[in-house]
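In what follows, chains carry the letters A, B, and so on, assigned in the order in which the sequence lines appear, proteins first and then strands, with residues in each chain numbered from 1.
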2 protein chains.
Amino acid sequence: MSQNKRSEKSEPQSKQNLRLWLRLLKASRIIETQLREKLRQEFASTMPRFDVLAALYRFEKGLKMSELSNVLMVSNGNVTGIVDRLVKDGLVLRVPVAGDRRALLVRLTAKGREDFAVQANAHESWVDDMLSEFASKGGAEFSDQLDELTKSLEERI
Amino acid sequence: MSQNKRSEKSEPQSKQNLRLWLRLLKASRIIETQLREKLRQEFASTMPRFDVLAALYRFEKGLKMSELSNVLMVSNGNVTGIVDRLVKDGLVLRVPVAGDRRALLVRLTAKGREDFAVQANAHESWVDDMLSEFASKGGAEFSDQLDELTKSLEERI
DNA sequence: GAGATAATATTTAGGCTTGAAATATTTATG
DNA sequence: CATAAATATTTCAAGCCTAAATATTATCTC
């Protein structure tokens with residue numbers, strides 16, 4: 001029971017916030033759906049795979065499984081399966097960590113690095129195609145507001 | 001025109017658009033994750049279930065399976081499973097459509113309607129709690145921009 | 001009407017996701 | 001040293017999600 005009793009008739013603020021969230025979700029889903037379809041069609045891949053490769057591309061020395069799941073903000077068990085499949089496809093390696101036999105470092109293979117570079121270029125241009133029209137009219141400000149929103153959300157945790 | 005707002009190197013537009021998308025995705029994920037956790041903890045339910053109930057609550061006469069999947073922007077086969085479970089839990093009914101033996105109308109039961117009303121109130125206040133701080137500083141404009149973004153995205157399809 | 005095409009819903013196969021429990025290893029404590 | 005606590009990862013069960021295949025019913029065209 002929150003201290004805000006929004007059930008009063010003349011209190012549209014919570015409705016406005018709800019609408020804001022629904023709009024955010026809708027825009028996000030449209031973009032995500034299109035990107036997922038592109039990844040599937042062009043590279044026979046998926047968003048989660050792309051996200052893992054992106055993280056490993058950025059951290060060249062590799063990431064431990066737990067670090068990977070932190071960076072991606074997904075559960076531990078989730079990453080295991082995705083990495084399993086990437087290993088099977090030769091894009092990623094599990095390397096033992098010296099001095100800690102519990103941990104494994106996940107790293108891109110040469111092929112993984114090459115493949116991702118191509119995919120990342122395509123991905124960037126897909127996003128650009130989707131957003132360029134909107135962004136030409138105040139996209140920078142909007143982007144900054146999104147950043148503020150995220151910060152405001154993270155403060156609450 | 002704030003095209004060269006960044007550094008002297010003038011980052012390409014596509015990078016800015018990519019950042020916009022990543023910020024949108026991040027904000028969306030934070031909210032979604034928190035809502036999902038709340039639904040699970042408070043009502044032993046999930047987002048997809050909530051979404052289905054919300055759609056059926058809005059369309060009192062019920063929706064065909066295909067209409068439901070259109071409204072929710074998810075695949076046909078997906079809805080089948082969710083509705084199966086909602087039927088099993090007594091929140092939803094499948095009703096034959098007179099004159100078309102292919103189609104089924106999905107409708108809330110009395111219990112479904114009652115349960116959802118409670119959940120929707122809670123959901124609205126969760127969202128309000130998350131967004132009220134941010135929304136107090138220009139949230140209305142931001143919301144309108146989100147709406148424009150969605151329209152711009154939908155024009156491209 | 002007959003046959004083709006479209007609409008509707010389900011099933012299937014494969015992958016994604018979570019939280020909880022299980023396993024293995026390391027570190028801290030008595 | 002022994003044992004408990006903490007850390008790292010995997011496994012598991014359940015549900016979510018998609019695209020493709022299937023089955024049934026409706027509609028269209030000739």
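- Distance, A:Met65 CE to C:dT23 C1': 15 Å, rounded to whole Å.
- If you check the side chains of A:Arg29 and A:Thr33, you find no donor sitting under 3.5 Å from an acceptor.
- In this structure, the CD1 atom of B:Ile82 is 16 Å from the C1' atom of C:dT11, given to the nearest Å.
- The main-chain N or O of B:Lys151 is never found under 3.5 Å from a side-chain atom of B:Glu154 such that the two would form a donor-acceptor pair.
- For the pair A:Leu72 CG and C:dC16 P, the computed distance is 13 Å after rounding to whole Å.
- Across the interface with DNA chain D, nearest-nucleotide mapping of B:Lys88 and B:Val74 shows B:Lys88 to be the residue nearer the 5′ end.
- A sub-4.0 Å separation between OP1 or OP2 of C:dT10 and a side-chain N or O of B:Thr80 is present.
- Taking atom CD of B:Glu32 as the reference point, atom P of C:dC16 lies 17 Å away to the nearest angstrom.
- Remark: A:Thr46 is in phosphate contact with C:dC16, judged by side-chain N or O atoms under 4.0 Å from OP1 or OP2.
- Among the heavy atoms of the strands lying under 4.0 Å from A:Asp100 are primed sugar atoms or P, OP1, OP2 only; no base atom is included.
- Residues B:Ser143 and A:Arg23 have side chains that bring a donor and an acceptor to within less than 3.5 angstrom of each other.
- We find that CG of B:Asn76 is positioned 16 Å from P of D:dC16, with the value rounded to whole Å.
- For A:Arg101, a side-chain nitrogen or oxygen approaches OP1 or OP2 of C:dT26 to under 4.0 Å.
- Note on A:Ser75: every side-chain N or O is 4.0 Å or more away from OP1 and OP2 of C:dT17.
- Counting distance only, with no hydrogens placed and no angle test, the side-chain atoms of B:Arg102 and the base atoms of C:dA7 include a donor-acceptor pair under 3.5 Å.
- Checking B:Arg49 against A:Leu104, the closest nucleotide of DNA chain D that is more toward the 5' end is the one next to A:Leu104.
- The 12-atom threshold is not exceeded at CD of B:Glu141, counting heavy atoms of other residues, nucleotides or ligands nearer than 6.0 Å.
- Between B:Lys64 and C:dT8 there is a side-chain polar atom (N or O) within less than 4.0 angstrom of OP1 or OP2.
- Rounded to whole angstrom, the span from the CZ atom of A:Arg85 across to the P atom of C:dA13 amounts to 17 Å.
- When the side-chain nitrogen and oxygen atoms of A:Asn78 are compared with OP1 and OP2 of C:dT18, one or more of them lie within a distance under 4.0 Å.
- A:Leu93 places none of its side-chain heavy atoms less than 4.5 Å from the side chain of A:Val106.
- For the pair B:Glu67 CD and C:dA7 P, the interatomic distance rounds to 14 Å; values are reported in whole Å.
- Between C:dT17 and B:Arg36, no contact under 4.0 Å exists linking OP1 or OP2 to a side-chain N or O.
- For D:dT10, one of the phosphate oxygens OP1 or OP2 lies less than 4.0 angstrom from a side-chain nitrogen or oxygen of A:Arg94.
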